Every structure is written in C-alpha cells, then in structure tokens.
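Let me begin by presenting the structure, written as structure tokens, before commenting on it.
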Amino acid sequence: MQTRLVTATALAATLAATLASLPAQAATPVRPSTAEHGWVTSTLRHMSLEQKVGQLFATYVYGGDATDPSTADRAANLAAFGVETPAEVIERYHLGGVCYFSWSHNLDSPRQIATLSNGLQRAARGDGARGRVPLLISTDQEQGAVVRMPSPAAQFPGSMALGAGRSPRAARTAAEVTGRELRAVGIQQPYAPIADVNVNPGNPVIGVRSFGADPTLVADLTAAQVTGFQDRAGVTAVAKHFPGHGDTATDSHTGLPVINHSRAEWDRIDAPPFKRAIRAGVDTIMTAHIVVPALDPSGDPATLSPTILTGVLRGELGFRGVIVTDALNMAGVRAKYGDERVPVLALKAGADQLLMPPNLALARDAVLRAIATGELTERRIDESVRRILGVKYRQGLARSPLVDVEKAVRTVGAPEHLAAVTQVTDPTLTAVRNDAGVLPLPHADRSVLITGWDSAAFAAFAPVATVAAGFTTRGARVTARPATLPSDATITATASQAAEHDLTVVLVNKAWDTAVTDPRATQQRLVAALLGTGKPVVVVAVRDPYDIAYLPGVTTYLATYSYTRAAMDALVRALHGELSPSGRLPVTIPTAEGAGFVLYPYGHGLSW
C-alpha cells in the first residue's frame, strides 16, 4: 500500500453544526466594568485582614460532600487542616479557592461534584455577611494525559494530539466543551491551556501536555483555547507554566529544573505562547518552579523571582491578570527556601494566588507575620485580592455562585459534546511508519493479540479492551492480554501467545523513559520479543510519540498521543482503513542517540 505525506487536516462539517447549536457566552472584558470595580472595591472595604489573606490561598480539601465527608476524609482533613469537614476548612482559613482531585475524593459523578461545589460555596458565603466571598473552584482538566473529571465527561485527546491535528478551531472546541462541562458542576477554573513549547524529547513532566515543539503552533493553539475557555464557555483560562517548562530534563515535582535558554532563545521559543495568551485576554497565568538564568541569574525559581514575575511578566509582557503559583508542595519551589518563607517570597515576587502550600496554617501565619513586621504591606495584599475578586466577579460568582444540579447532570457528557470529542480526535491520529505495508487491514476472520500498556489509574479508558472490542466487531478472533511494565515471565508468555496469532497490536506508553517510567525497559523488551516471533506487529504509542526511536526493528508504528476511548476508537478505524490518518507530528522525533540526529521530522505523517 502506497503512503503519502499528509498536507492538511480539517474538522468534519458536522462539527460546525455541533458548535453552532451551543449558545455563545459573553467575552471577558479587557478592562473592569464600572459594576465590577464597584463590587470589588465594596467587598474589599468590608474584609478583615485575615479574610484578605485567606483569599490568596487555594488548596485541596478531602471529601465528596462539604459537610458530611466519609470517616477517612474527616481524619484526613483533621490531620491536614485541624478541622474535619471541607466546609470547616473554608470557614477557618477564609479560603479564596479550592482545587479538586480524585485522590482527595472530590470527583465522582456530575451530581456529586455539583452538590459539593454548592456546599463549598455556601460555606464560603456563610450567612451573606460582608467580607464573605465566593470561592474560585479549580481542577487540572488539561485533557489527554492529565484529566480529573470522570466519565461521563467529554474526554478530549490532549494538547499534543491537538498539535498533530493542526486546527485552532478544534483546540477552541475542546476548550469550549470542557469549559462548559466544568462550569456546569461549579468549577470555574481549569488549569489549562499548556503554553509550554516541548523542545526537549526527554522532558519528563510536560511531553504530550504541550501542543508541540513549534512556538508558532503552540501560540496559535494556546490562544484558541483561551478563547474557547473564556469567551465561549465562560470559565477562567490559566496559561501555564511561565516562563516556559518545555526544555527541561528535570520534573519540578521532584527537583529544581534549570532552563539554559539564552534571552534570545527565550524570546523566540518560550515567550510567544504567553504573549498570544495575554493578547487573547487570558485571566490567569501559572508560574513554573524553574530557574532561568538568562531572565534571573539569582538562582531563584521563577515562582519566587520578582525579576521574572514583576519585571518580565507584568513589566515587559504587560500582563494585568492573576498570577497563580504552581503547587507550593512541589520540590522545585521548596529546594532553596523553607515552607514558611516560600509564600511570603512568592507574594513579594508578584504572585497573587498561592496554590496548595504543604502546610496551610504555617503559610497563612507566615503571610500575616510578614504584614505585621512590614515585610509585606496590606496595600500589596489588596492588589492581589483585587485581581482575584475581579476574576470572581467576571465569573458571575458575586451574583450567583450556585449551580443547577439537574442541569449539570444533563450537561456533562451530553450527546453533542461526545460527538465533538470524536470529530476533534479523528484528525489527530498520526501514522509514522508503515514500511511493510501491513496497514490498512482488511475486515477478516483472523486471530489477533492485543497487548501492552493498559490504564490502571484511569480504568474507565481501558485501552487494551477498547481496541480488542473494535477488532472483535470487525470479525477478528481476539485475545486481549494487558502487559503494563511486564515481568520477564509475562514477556515470555506474551511472545508465545503472539506466535500463535496472525497479528499483534501492542500499546506502549513512554517506553523511552527508562530513568523513571520504565526503569527496567520492560516495554522495549516486550516489543523486541514480539518482533522475534516473525509475525506482523503493529506498535502504537498511546502517549509520547518518541518511543519508536527506542524500538529497533519496528516497521509499523502509529501515535495517538493519548489513550482515551475516542483515540482508541479512531485507532481501530484507521487500522482497518475506515479512517485515513491525517495527523502530522507536532514535534521532531530524534534518534535514540540524540545529538541532533532526526529520525522523523516535524510535520511527518502518512495516510492511506
């Protein structure tokens, strides 16, 4: 089967009809309206100092109900915050924001999430007394590799997949639908889009979370998602991670990365997506716990750097919105200073919102003490609180912070949203190699083994089972054998099974990362064993597209960039010729040796 380079992609015409059926939201105002200014000023005037400081903090709380969490969640809240319920955490610390996670048991179903959000908002507002302010509720719904909202929420394939699709319209759609579903359950702030330019294939923390390696592409799609989130869905976009986390070999969750770009390189590579986000009116920008000597030679991470936050982001780039820190419990920001100093230094640097300090009481008291000693002024605190209150006003929280629970149930996973997922996902699938002409496959009575990496953390995705079901419906006799980081015995047994089948499809996930993700290189050894059977093997990278450089002998290779059900469904259809792959690599795939040698160039992609 002859292949050709894909030159363009387009969304199906039905996507336009789907979007046209969705009601538009008002655009975020560039300058505060008279009404916003009046509400912010009046609210600030009636707040105590403790209430103002509380507005600066956003953190997690344990439990799926604001006032009646489980016994285990009560114990967890007591250990972390000194009180048992999420509502009591809000009241004790006058929190400005809450961030939802699955591990803190906040996210179960649309009805539960919406009910929790309403309960937390009631706790924040209290009896309506002056100085009590509604919450800004957030979560990391980047899509693809980083998702928080469970099924039936629309699950889009993520940033790098959108980069492969090359469509700003699709990126805007993914943000719009995601934002509408979040807003329906009372979440006003998705921590997205990712504005990092992933120019380092060995980046352990960004990778497919980035739109790609080209600054112009990343800037275009970042701006499109800001529009989708804010102007179309009415939620607050958060461009992250400033000043750019795309060229690091260190994960800031576990260490302090150093970005050695020159100032000219930063201007050319890292800055454009943030500049475009600011021009698009982004309300919030999140900091990165990274050192960038060309911007600040002090060795301080950007989160704690006045030079970077106040000098570059506010001064040079002209950003006037909210600056939120990345989580303050990450090692990157704790490496140089103690937990008591970090929140004070972040505020002095120019941050407005302090996310997830490791000890909330310690952090809150440190800020209050800094004000008492004159290291921070109440005027400086007021500046940040004004920005935070402005976002809340534009979110409509001053008027009505509660959501309609029944409407939330109808909105999340609505048929038109799921249709948009398919239409956005299909053009992202990228066929990288088809040397043996194995693809596309005929519908046939053949024996097929589906194996490799499977999703344990997100069981609802079940990529191996999804692919296996797709083959079964097309007439194949299928054996599904998940083999996530397989043992030697599993590798041997799986290869033995493959030898008895006509075809094997094997899924791999970050097989290149033998330092962290797969230290025993088990995925690489599994693929080698499967190739050793002499039977046809189709390798599918369900996360980073770089894996092929570490899998010698592979002649049939596709990249999906994510393992959502929609991505796996598109894969099955493409393998059988029902869908012609049209995605193009949004990054360069270097050889395993690196050193500038290119295995597959940016823009490469096959079709049939």
Side-chain angles (χ1 to χ4, degrees), residues 144-146 158 160 196 198-210 213 245-260 330-332 430 432-433 451-458 463-464 481-495 498 504-533 537-563 585 587-600:
V146 178
M160 192 169 285
D196 302 314
N198 198 76
V199 293
N200 187 341
N203 194 323
V205 65
I206 302 300
V208 293
R209 298 170 64 196
S210 164
H245 210 318
D247 190 8
T248 173
T250 302
D251 185 344
S252 54
H253 291 85
T254 57
L256 179 58
V258 177
I259 309 293
N260 287 312
M330 295 166 60
T430 306
V432 177
R433 191 166 191 172
T451 189
W453 186 88
D454 207 33
S455 173
F458 300 101
V464 169
R481 185 188 180 107
T484 301
L485 306 185
S487 65
D488 292 343
T490 298
I491 291 173
T492 300
T494 304
T504 294
V505 177
V506 56
L507 312 182
V508 292
N509 183 325
K510 295 189 78 169
W512 64 267
D513 190 0
T514 55
V516 177
T517 306
D518 189 0
R520 294 179 55 246
T522 56
Q523 296 182 91
Q524 296 179 27
R525 292 191 287 117
L526 173 62
V527 171
L530 295 172
L531 293 172
T533 66
V537 176
V538 176
V539 180
V540 182
V542 298
R543 184 161 171 159
D544 299 3
Y546 309 112
D547 290 351
I548 189 171
Y550 300 82
L551 304 172
V554 170
T555 58
T556 309
Y557 182 82
L558 299 93
T560 65
Y561 311 98
S562 73
Y563 40 85
L585 288 175
V587 294
T588 295
I589 300 179
T591 63
E593 295 77 20
F597 294 103
V598 174
L599 186 61
Y600 292 99

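The first residue of the sequence shown is numbered 1, and numbering continues consecutively from there. The model shown is predicted, which means the values in this text are computed figures rather than measured ones.
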How long is the gap from OG1 on T430 to OH on Y557, to the nearest 0.5 Å? 10.0 Å
Decide yes or no for T514 and Y550: does some side-chain heavy atom of the first lie under 4.5 Å from some side-chain heavy atom of the second? no
Which atom pair, heavy atoms only, marks the closest approach of V598 to T591? C-CG2, 4.3 Å
Quick check against the 3.5 Å criterion: does D544 have a side-chain atom that pairs as donor or acceptor with the backbone of Y546? no
Which pair of heavy atoms, one from A592 and one from A549, lies closest together, and at what distance? CB-O, 3.4 Å
Ion pair present between R520 and D488, side-chain N to carboxylate O less than 4.0 angstrom? yes
Residue pair T494 / L530, side-chain heavy-atom distance below 4.5 Å: yes
Can you see which heavy atom on A511 is nearest to which on Q524, and at what distance? O-NE2, 2.8 Å
Could you tell me if the side chain of N509 sits less than 4.5 Å from the side chain of Q523, heavy atoms only? yes
For R481, enumerate each residue passing the salt bridge (charged side-chain N to carboxylate O under 4.0 Å, His left out) test, keeping only those at least two apart in sequence or located in another chain. none
Going from CG on L507 to OG1 on T451, what distance comes out if it is rounded to the nearest 0.5 angstrom? 8.0 Å
Could you give the distance from CG (L599) to CD1 (I589), rounded to the nearest 0.5 Å? 6.5 Å
How about I259 and T248: do any of their side-chain heavy atoms sit closer than 4.5 Å? yes
Could you tell me if the side chain of D547 sits less than 4.5 Å from the side chain of W512, heavy atoms only? yes
What's the spacing between L526 CG and D518 CG if we round to 0.5 Å? 10.0 Å
State the CG-CZ distance between N198 and R209, to the nearest 0.5 angstrom. 10.5 Å
Straight-line distance of L531 CG to T555 OG1, nearest 0.5 Å: 7.5 Å
Checking R433 against Y600 for the side-chain contact (heavy atoms from CB on, under 4.5 Å) test, could you report, in this order, the C-alpha distance in whole Å, the side-chain angles of both residues, the deciding distance, and whether it holds? CA-CA 10 Å; R433 191 166 191 172; Y600 292 99; 3.0 Å; yes
For A495 and T533 the tightest heavy-atom approach is O-CG2, 3.4 Å
How close do T250 and L256 get, heavy atom to heavy atom, and via which atoms? CG2-N, 4.1 Å
What one should report as the nearest heavy-atom pair of S210 and D196 is OG-O, 2.7 Å
Is there a side-chain contact between P463 and D454 in this structure, where contact means two heavy atoms from C-beta onward sitting under 4.5 Å apart? yes
Step by step, work out the side-chain contact (heavy atoms from CB on, under 4.5 Å) result for L585 and V432. CA-CA 8 Å; L585 288 175; V432 177; 4.2 Å; yes
Would you say the side chain of V587 lies within less than 4.5 Å of the side chain of M160, judging by non-hydrogen atoms? yes
Quick one: does V208's side chain get under 4.5 Å of S562's, heavy atoms only? no
